[in-house]
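First the structure, in the form of structure tokens, and then the observations on it.
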Amino acid sequence: MAGNRTLVWLVDDVESVRKSIAAVLETADMRVRGYASAVDFLADFNPGTTGCLIVDHHMPGMTGLELLNHLKAGPAAPPTIVISAHGNQALRNRILAAGAVAMLDKPVDAGELIAVVERALVNAP
């Protein structure tokens, strides 16, 4: 799947995290579009585009869970992976119940992240 230049939208308010995760995904031949906020992502997002969303949960403004819920209310939500440095089981349960493909703890394992993105795209709209 990754060889097809998979598109990944990456939303995290910390630039160094975006750069680090983007570098990992690019080694798997994925195209990454990075955004510092959910609002920035939504301004650029085209629901007709096939891809996978990776979003940090704890961000100023709209959280990852709030973004996921917003997208689920629309016509075509992309498969979404939520990442967090401050996750707990209750948050994980809420995020998965909202429809996320996975919730991964920061720092994310490179191999696990690539595998989860590839699995998420199997059923992407």
Side-chain angles (χ1 to χ4, degrees):
M1 177 69 66
N4 296 328
R5 297 287 294 157
T6 299
L7 176 58
V8 177
W9 298 282
L10 174 59
V11 184
D12 195 303
D13 59 315
V14 179
E15 183 179 9
S16 61
V17 172
R18 286 194 314 272
K19 286 182 177 182
S20 175
I21 292 175
V24 165
L25 297 172
E26 288 165 354
T27 66
D29 201 28
M30 297 182 191
R31 292 179 296 137
V32 179
R33 290 187 189 159
Y35 305 91
S37 72
V39 171
D40 291 344
F41 164 73
L42 289 170
D44 189 52
F45 178 62
N46 175 353
T49 304
T50 299
C52 180
L53 171 63
I54 299 173
V55 59
D56 183 28
H57 176 66
H58 295 284
M59 294 187 296
M62 185 181 287
T63 68
L65 180 56
E66 290 168 337
L67 176 58
L68 176 60
N69 286 328
H70 176 82
L71 291 169
K72 289 292 183 181
T80 301
I81 300 162
V82 178
I83 58 176
S84 179
H86 308 286
N88 57 51
Q89 194 58 47
L91 177 62
R92 183 177 312 279
N93 291 344
R94 287 195 335 259
I95 286 170
L96 295 176
V101 172
M103 180 176 162
L104 302 178
D105 296 321
K106 287 180 180 178
V108 295
D109 176 79
E112 180 182 18
L113 180 62
I114 291 167
V116 170
V117 170
E118 289 178 341
R119 272 196 322 269
L121 287 164
V122 169
N123 296 318

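None of the values given here were measured: they were computed from a predicted structure.
The shortest non-hydrogen separation linking T50 to L7 is O-CB, 3.9 Å. Considering all non-hydrogen atoms of both residues, P75 and P47 come closest at CG-CB, 4.3 Å. The heavy-atom pair separating G99 from K72 by the smallest distance is O-NZ, 3.8 Å. Annotation for G64 and V55: closest pair CA-CG2, 3.8 Å, computed over non-hydrogen atoms. For V116 against A102, the heavy-atom pair with the smallest separation is CG1-CB, 3.8 Å. The shortest heavy-atom contact between C52 and I81 is SG-CD1, 3.7 Å.
Residues I114 and E118 are in side-chain contact: their nearest non-hydrogen atoms beyond the backbone lie under 4.5 Å apart. Side-chain atoms of M59 and S37, non-hydrogen and from C-beta on, never get closer than 4.5 Å to each other. Looking at heavy atoms from C-beta onward, V14 lies out of side-chain contact with D56 at the 4.5 angstrom threshold. Counting heavy atoms from C-beta on, the side chains of L71 and L42 come closer than 4.5 Å. Put simply, the side chain of L65 does not reach to within 4.5 Å of the side chain of V82, judged on heavy atoms. In this structure the side chain of M62 never reaches within 4.5 angstrom of the side chain of V39, judged on heavy atoms. A 4.5 Å side-chain heavy-atom check between V101 and R119 finds every atom pair outside the cut-off. Within the 4.5 Å cutoff, side-chain heavy atoms of L104 are placed close to those of L113.
Expressed to the nearest 0.5 Å, how far CZ of R94 lies from CG of L68 amounts to 12.0 Å. Taking NZ of K106 as the reference point, atom CG of D12 lies at 3.5 Å (rounded to 0.5 Å). R31 CZ to T6 OG1: the interatomic distance, rounded to the nearest 0.5 Å, is 8.0 Å. Taken from CG in L91 to NE2 in H86, the straight-line distance is 11.0 Å, to the nearest 0.5 Å. For the atom pair CZ of R18 and CG of D13, the computed distance is 8.0 Å after rounding to the nearest 0.5 Å.
In this structure, R92 contributes its side chain and M103 its backbone to a donor-acceptor pair below 3.5 Å.
In the hydrophobic clustering of ILVMFWY residues, with side-chain heavy atoms under 4.5 Å counting as a link, I83 and L96 come out apart.
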Exercise for review: Kindly indicate, with the supporting measurements, whether the criterion side chain to side chain contact (heavy atoms under 4.5 Å, CB included) is fulfilled by V24 and V108.
Suggested key: CA-CA 10 Å; V24 165; V108 295; over 6 Å; no

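Shown here are the ring-ring contact (aromatic ring centres under 6.0 Å, His included) partners of F45, two or more places apart in sequence or in another chain: W9, F41.
The number of heavy atoms from other shown groups lying within 6.0 Å of CD (Q89) is above 12.
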